[in-house]
Amino acid sequence: MAVSDLVYGAYERRLAKRLDPARLPRHVGAIVDGNRRWAKRGGARFEHGYKAGADKISEFATWCDDLGVEIVTLWLLSTDNLQRPEEEVASILTAVENLMERLAGEGRWSLRVIGNLDLLPSESAGRMKKLADSTSAVQGMRVNICVGYGGRQELTDAMRSLLLEQAAAGRSLEDVASTLEVDDIAEHLYTKGQPDPDLVIRTSGEQRLSGFLLWQSVHSEFYFSDALWPAFRHVDFLRAMRSYSLRERRFGA
């Protein structure tokens, strides 16, 4: 074993040992960015990057589960990504479907698809939903797979759902507007019934949310890593957990 591997292993163990389980996040969100750039740097086609990114998600979920994280929300395909060339979108969808099949087959985690599935090819959307439904009885960590997801799209869909519900109950627009509360909107989000993310991680050096969980992340902590997603290591994950555990969360107070 190389000296660098020994040093890396020792540093990793030291990081893990210093983590306080009582100060770790319950819900971790991840913007898994940099798959295409990772593939390009290695002289490979984009589909290789998406496959490597999907493989990393399996590792990431295991890391979270090992630390007692209860919910992981992973953004794999945005509404903006759907504007990419058809061949590339198909490659992403294939990688996501294969990933979900692998995760569902492990029987460790409860999967849920988050996003507007009407924006996806019906065959792909149906397969994803079927795979998620097959894990509904699993009692382990919940893994939210965000596909066809955009923060503005989610808020639009939430308001549309709320208004249609209220109209069906015979209420006028004026009545709805006069009584509308924050919790009324939250009840129509894709993540209804789930706690908001405590920590959001973004890879690839970008320092923005790009619309990820706009509503839910209002009190989240953020951690930005320079690593491209397929190159995101366990030690990078532990650094994010350590950074979170050292923060004093004030929630605007």
| remark: Rounding to 0.5 Å, atoms CG (N81) and OG (S210) come to a distance of 9.5 Å

| message | If hydrophobic clusters are built by linking Ile, Leu, Val, Met, Phe, Trp and Tyr wherever their side-chain heavy atoms come under 4.5 Å apart, do L103 and L76 end up in the same one? | response | yes

| query | Looking at side-chain heavy atoms only, is the closest gap between P121 and E123 below 4.5 Å? | reply | no

| Less than 4.5 Å apart, any side-chain heavy atom of L199 and any of M241? | yes

| query | Are R171 and T179 linked by a side-chain donor-acceptor pair shorter than 3.5 Å? | reply | yes

| Okay, side chain of S245, backbone of R242: is any donor-acceptor separation there less than 3.5 Å? | yes

| task | State yes or no: do I31 and L189 share one hydrophobic cluster built from I, L, V, M, F, W and Y residues joined by side-chain heavy-atom distances below 4.5 Å, directly or via other members? | result | no

| Between Y223 and Y244, does the ring centroid distance fall short of 6.0 Å? | no

| remark: Note: G53 and N35 closest approach over all heavy atoms is CA-OD1, 3.2 Å

| Quick one: are V69 and L24 in side-chain contact, heavy atoms under 4.5 Å? | no

| task | Can you see which heavy atom on L99 is nearest to which on A54, and at what distance? | result | CD1-O, 3.4 Å

| field | Closest non-hydrogen atom pair, A186 against W215 | value | CB-NE1, 4.1 Å

| field | Lys/Arg N to Asp/Glu carboxylate O, D236 vs R233, below 4.0 Å | value | yes

| query | So, N144 and Q194: side-chain donor and acceptor under 3.5 Å apart, yes or no? | reply | yes

| message | Between V143 and M100, is there a side-chain heavy-atom distance shorter than 4.5 Å? | response | no

| field | Verdict with supporting geometry, E59 and H234, side-chain contact (heavy atoms from CB on, under 4.5 Å) | value | CA-CA 8 Å; E59 290 184 70; H234 188 217; over 6 Å; no

| said: Taking S220's backbone N and O only, do any of them form a donor-acceptor pair with S217's side chain (distance below 3.5 Å, no angle check)? | reply: no

| Separation of L162 CG from H188 NE2 (nearest 0.5 Å) | 4.0 Å

| request: May I have the step-by-step check of side-chain contact (heavy atoms from CB on, under 4.5 Å) for L163 and L173, ending in yes or no? | output: CA-CA 8 Å; L163 292 173; L173 185 59; 4.0 Å; yes

| query | Around atom CZ of R41, are there more than 12 heavy atoms of other residues, nucleotides or ligands at under 6.0 Å? | reply | no

| request: Would you check if the side chain of T135 reaches a backbone N or O of L111 as a donor-acceptor pair within less than 3.5 Å? | output: yes

| request: Enter the distance from L238:CG to L19:CG here, rounded to the nearest 0.5 Å. | output: 6.0 Å

| message | Are Y50 and T94 packed together at the side-chain level, in the sense that at least one heavy-atom pair is separated by less than 4.5 angstrom? | response | no

| At their closest point, which heavy atom of P230 faces which heavy atom of G49, and how far apart are they? | CG-O, 4.1 Å

| field | Min side-chain heavy-atom separation D65-R108 under 4.5 Å | value | yes

| query | Which pair of non-hydrogen atoms, one from M141 and one from E70, has the smallest distance, and what is that distance? | reply | CG-O, 3.3 Å

| Does W229 reach the main-chain N or O of T203 with its side chain, forming a donor-acceptor pair under 3.5 Å? | no

| Side-chain heavy atoms of M128 within contact of V147, under 4.5 Å | yes

| Side-chain donor or acceptor of S91 paired with backbone N/O of E87 under 3.5 Å | no

| task | Working to the nearest 0.5 Å, report the span between CG of D157 and CG of L119. | result | 7.5 Å

| message | Within the 3.5 Å criterion, strictly below it, is a donor on Q216 or H27 matched to an acceptor on the partner's side chain? | response | no

| field | Pair E88 + R36, salt bridge at N-O below 4.0 Å | value | yes

| task | Kindly say whether R152 contributes a backbone atom to a donor-acceptor pair with the side chain of T156 at under 3.5 angstrom? | result | yes

| message | Test of understanding: clusters of I, L, V, M, F, W, Y form through side-chain heavy atoms closer than 4.5 Å, transitively. Do V176 and V182 belong to the same one? | response | yes

| From NZ (K51) to NE2 (H48), nearest 0.5 Å | 8.0 Å

| query | Got a second to check how far R84's CZ is from S78's OG, nearest 0.5 Å? | reply | 6.5 Å

| said: Any non-hydrogen side-chain atom of L77 less than 4.5 Å from a side-chain atom of L120? | reply: yes

| task | Please report the C-alpha distance between E248 and R23 in whole Å, then the side-chain angles of each, then the deciding distance to 0.1 Å, and finally whether the salt bridge (Lys or Arg N to Asp or Glu O under 4.0 Å) criterion is met. | result | CA-CA 10 Å; E248 293 295 335; R23 295 183 61 84; 3.8 Å; yes

| query | Do the side chain of D184 and the main chain of E181 share a donor and acceptor less than 3.5 angstrom apart? | reply | yes

| field | Ion pair check, D55 and R102, cut-off under 4.0 Å | value | yes

| said: Under a 3.5 Å distance rule, please check whether Y149 uses its side chain to pair with a backbone N or O of E154 as donor and acceptor. | reply: no

| task | Could you verify whether a donor N or O on one side chain and an acceptor N or O on the other, from S136 and D133, lie under 3.5 Å apart? | result | no

| Can the ring centres of F232 and W38 be said to be less than 6.0 Å apart? | no

| Considering all heavy atoms of both residues, which atom of L117 and which atom of A125 are nearest to each other, and what is their separation? | O-CB, 3.8 Å

| Can V89 be reached from W75 by stepping across I, L, V, M, F, W or Y side chains whose heavy atoms are under 4.5 Å apart? | no

| Check: R26 main-chain N/O paired with D198 side-chain donor or acceptor under 3.5 Å | yes

| query | Do side-chain atoms of R239 reach the backbone of S225 as a donor and acceptor pair under 3.5 angstrom? | reply | no

| Mind checking whether F60 and L213 sit in one hydrophobic cluster, side chains of I, L, V, M, F, W, Y counted as touching below 4.5 Å? | no

